[in-house]
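Below is one structure, written out as structure tokens; the observations come after it.
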Amino acid sequence: MAEISTLNQRPASSIKLLEEMERSYKDLPMEAIVKQDILRQGIHFLPESFQVKDPYKSKDYFIFSFDHIPLADLKDGADTKAPEEIKISGGHFGLLKTVISTRNNPNSPYKMKSKDGIPTLFLEETEIGNAEYPPIPSWYRHKTKSGKLPGEVAPVIEWGYLLYLTVFRNCQYFGKDEECAYCDINHNYRQQKGAGRPYTGVKDVEDILEVLSWVDAEDQIAKVYTITGGSVLTNLKKKSEVDFYLQYPEAIEARFPKRWMGKLVAQAFEKEDCQKFKDAGIQIYHPNYEVWDKALFEKICPGKSSWIGYENWIRRVVDSAEVFGPENVIPNFVGGVELSEPWGFKTVAEAITSTKQGLDFFMSKGIVPRFTAWCPEPYTTLGQQAGPPLVYFCELLRAWKETFEHYALPTPPGYGEPGPGKAVFSVSAFMDVIGYSGRN
């Protein structure tokens, strides 16, 4: 096993490091290891990498920036031309096709270049793989009656699988005393508006239904929609938080009953409110707990801690399983934030021990947490700092996989096919490791 005792050694990405992880973590697919390293480091897109034959879908900035530097500082077209995701294959490790979310970072050792007219990802001088960029759905050609583009209203991610409906692009947890310390939803909104981009703060139900009518008529790839947005502490558009978010699945399911699987990413609600969403047609519930350790939750999620409280949050997650069924409650945590400065653990071992306690707590009840890989975005409370070392993510994937297999849990619904070469979830590799039997 690789050394995991201290954070003082945070080796930069290199082929040597990846090969070390390949030898140390034979129970993890190399696709997952490379994916996590690219997510933690981001990608530097050279201008030549945007010169591709076919049109492709660029970043819609659907909720967060997921960039390592401010939008205004991105150069050479990265602010408008970077693809939403990449799909890499082949290269030094013979990767199966692997979908990875784009995180712009001009300082990243991962550089997207052009080789024989094909976007190709390099680490140092070594080819990591040929890259594909996501195609533009046919229905992106339309414009709503109100003049909005589809990518502003109902952007598609995960290589076309998921329609991401951020219906409220701000959060009423505001300022460093309330905002989650890793989150840039409010900052991203200001960046997009400052850049003069159309970026609707509160989405109109009719706009969403109009875009979904095109998806219904023209698209067979999208299988799921997610309704999400910032927290509502008082009211929004004269509605409570529950009533504000409830109007969207009610309208969607009334117009397109069971056309897509409905997900809700929101605060941890009490059971009676969860039942309202279940009755409206929501099948999957993501009451994200963000970080397992109680002391870190209070520091990193101060608004959630003061308004709802750690114990109440965890209790509500567990209680929601009685409404949706445990396999349909999939709370997210932000992988790596428990190592953030100044409050985080000092060693990878401590962080993994804590996070695994949370995994065991939930998975023993049939609830399967997922995680996203923390991206240190510049305008957040945590700001630009060194993220976790790659060994942390390898240990996290191992802990997740071992706990998942120990309880013999089903594949989380609403994420597409699992396994290397099949997974489309792009902001962590938890789906890529499912079913992997290891290598010699």
Side-chain angles (χ1 to χ4, degrees), residues 2-13 36-37 39-42 63-70 73 103-105 107-108 171-188 190-191 230-231 288-314 331-359 369 371-396 399 427-428:
E3 174 61 44
I4 63 170
S5 62
T6 176
L7 290 182
N8 293 328
Q9 301 170 353
R10 295 193 180 190
S13 295
Q36 289 295 163
D37 201 40
L39 286 170
R40 80 182 183 99
Q41 297 279 36
I63 185 166
F64 311 121
S65 72
F66 284 129
D67 286 336
H68 287 248
I69 69 170
D73 293 343
R103 298 174 171 190
N104 282 305
N105 182 8
N107 299 312
S108 173
C171 181
Q172 290 183 1
Y173 290 133
F174 196 83
K176 67 177 183 178
D177 292 331
E178 287 193 338
E179 286 177 345
C180 292
Y182 54 80
C183 177
D184 82 340
I185 185 171
N186 290 326
H187 311 280
N188 183 49
R190 289 194 289 269
Q191 281 196 101
S231 298
N288 301 338
Y289 66 93
E290 319 300 13
V291 61
W292 174 250
D293 181 80
K294 182 176 183 292
L296 286 180
F297 180 88
E298 292 170 351
K299 292 290 189 182
I300 292 173
C301 304
K304 292 180 176 180
S305 178
S306 62
W307 282 80
I308 296 177
Y310 177 84
E311 288 83 2
N312 271 338
W313 196 283
I314 300 303
N332 188 72
F333 63 97
V334 184
V337 76
E338 68 270 41
L339 284 168
S340 61
E341 296 176 349
W343 306 298
F345 294 106
K346 301 307 179 187
T347 69
V348 170
E350 290 174 295
I352 294 297
T353 295
S354 172
T355 299
K356 191 167 184 178
Q357 289 172 353
L359 293 175
F371 72 94
T372 53
W374 173 43
C375 180
E377 293 149 321
Y379 290 123
T380 63
T381 300
L382 295 178
Q384 291 174 295
Q385 58 177 281
L390 178 56
V391 67
Y392 161 81
F393 287 106
C394 293
E395 287 291 320
L396 177 59
V427 289
S428 85

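- Looking at heavy atoms from C-beta onward, Ser65 lies out of side-chain contact with His187 at the 4.5 angstrom threshold.
- Pairing each heavy atom of Glu311 with each of Lys294, the nearest pair is OE2-CE, 2.7 Å.
- Considering only heavy atoms from C-beta on, Cys180 comes within 4.5 Å of Lys304 through its side chain.
- Closest approach of Thr347 to Leu339, counting heavy atoms only: O-CD2, 3.5 Å.
- At a threshold of 4.5 Å between non-hydrogen side-chain atoms, the residues Trp343 and Val337 do not count as touching.
- The line from CG of Asp73 to CD of Gln191 is 9.0 Å long, rounded to the nearest 0.5 Å.
- Checked by atom type, the side-chain pair Asp67/Asn104 shows a donor-acceptor distance below 3.5 Å.
- Rounding to the nearest 0.5 Å places SG of Cys183 at 10.5 Å from CG of Leu382.
- The two residues Gln36 and Ala373 have their closest heavy-atom pair at NE2-CB, 3.7 Å.
- Trp313 places a side-chain N or O within donor-acceptor distance of the main-chain N or O of Asn288, the cut-off being under 3.5 Å.
- Ile185 has its side chain out of reach of Glu179: every pair of non-hydrogen atoms, C-beta onward, lies at least 4.5 Å apart.
- When only modelled atom types and interatomic distance are considered, Glu290 and Tyr182 share a side-chain donor-acceptor pair under 3.5 Å.
- For the ring-ring contact (aromatic ring centres under 6.0 Å, His included) test, residues two or more places apart in sequence or in another chain that qualify with Phe333 are Tyr289, Phe371.
- In terms of modelled atom types and a separation under 3.5 Å, the side chain of Asn188 and the main chain of Asp184 share no donor-acceptor contact.
- Minimum heavy-atom separation, Gly358 to Trp292: CA-CD2, 3.3 Å.
- To the nearest 0.5 Å, atom CD1 of residue Ile308 and atom CD1 of residue Ile314 are 11.0 Å apart.
- Rounding to the nearest 0.5 angstrom, the gap separating the CZ atom in Phe66 from the SG atom in Cys375 is 7.0 Å.
- A distance of 10.0 Å separates CG of Asp293 from CD of Glu350, quoted to the nearest 0.5 Å.
- Residues Val427 and Arg103 form a side-chain contact, since some pair of their non-hydrogen atoms from C-beta on lies under 4.5 Å apart.
- In this structure, the side chain to side chain contact (heavy atoms under 4.5 Å, CB included) partners of Asn105, at least two apart in sequence or on a different chain, are His68, Asn107, Ser108.
- Within the structure, salt bridge (Lys or Arg N to Asp or Glu O under 4.0 Å) contacts touching residues 376-392 (residues at least two apart or in different chains) do not occur.
- One distance of note links CG of Leu296 with OG of Ser354; it measures 7.0 Å at 0.5 Å rounding.
- Listed for the Ser305 side chain is no donor-acceptor partner under 3.5 Å among the backbone atoms of Cys301.
- In this structure, Arg40 contributes its side chain and Gly387 its backbone to no donor-acceptor pair below 3.5 Å.
- Looking at heavy atoms from C-beta onward, Tyr392 lies in side-chain contact with Glu338 at the 4.5 angstrom threshold.
- The aromatic rings of Tyr310 and Phe297 sit perpendicular, their planes meeting at an angle over 60°, well past the 30° parallel limit.
- For the pair Cys171 and Asn186, the tightest heavy-atom approach, listed with the atom from each and the gap, is N-OD1, 2.7 Å.
- Leu39 is not listed as a side-chain neighbour of Phe393, based on a closest heavy-atom distance of 4.5 Å or more.
- Scanning both residues, Ala351 and Phe345, for their nearest heavy atoms gives CA-CD1, 3.6 Å.
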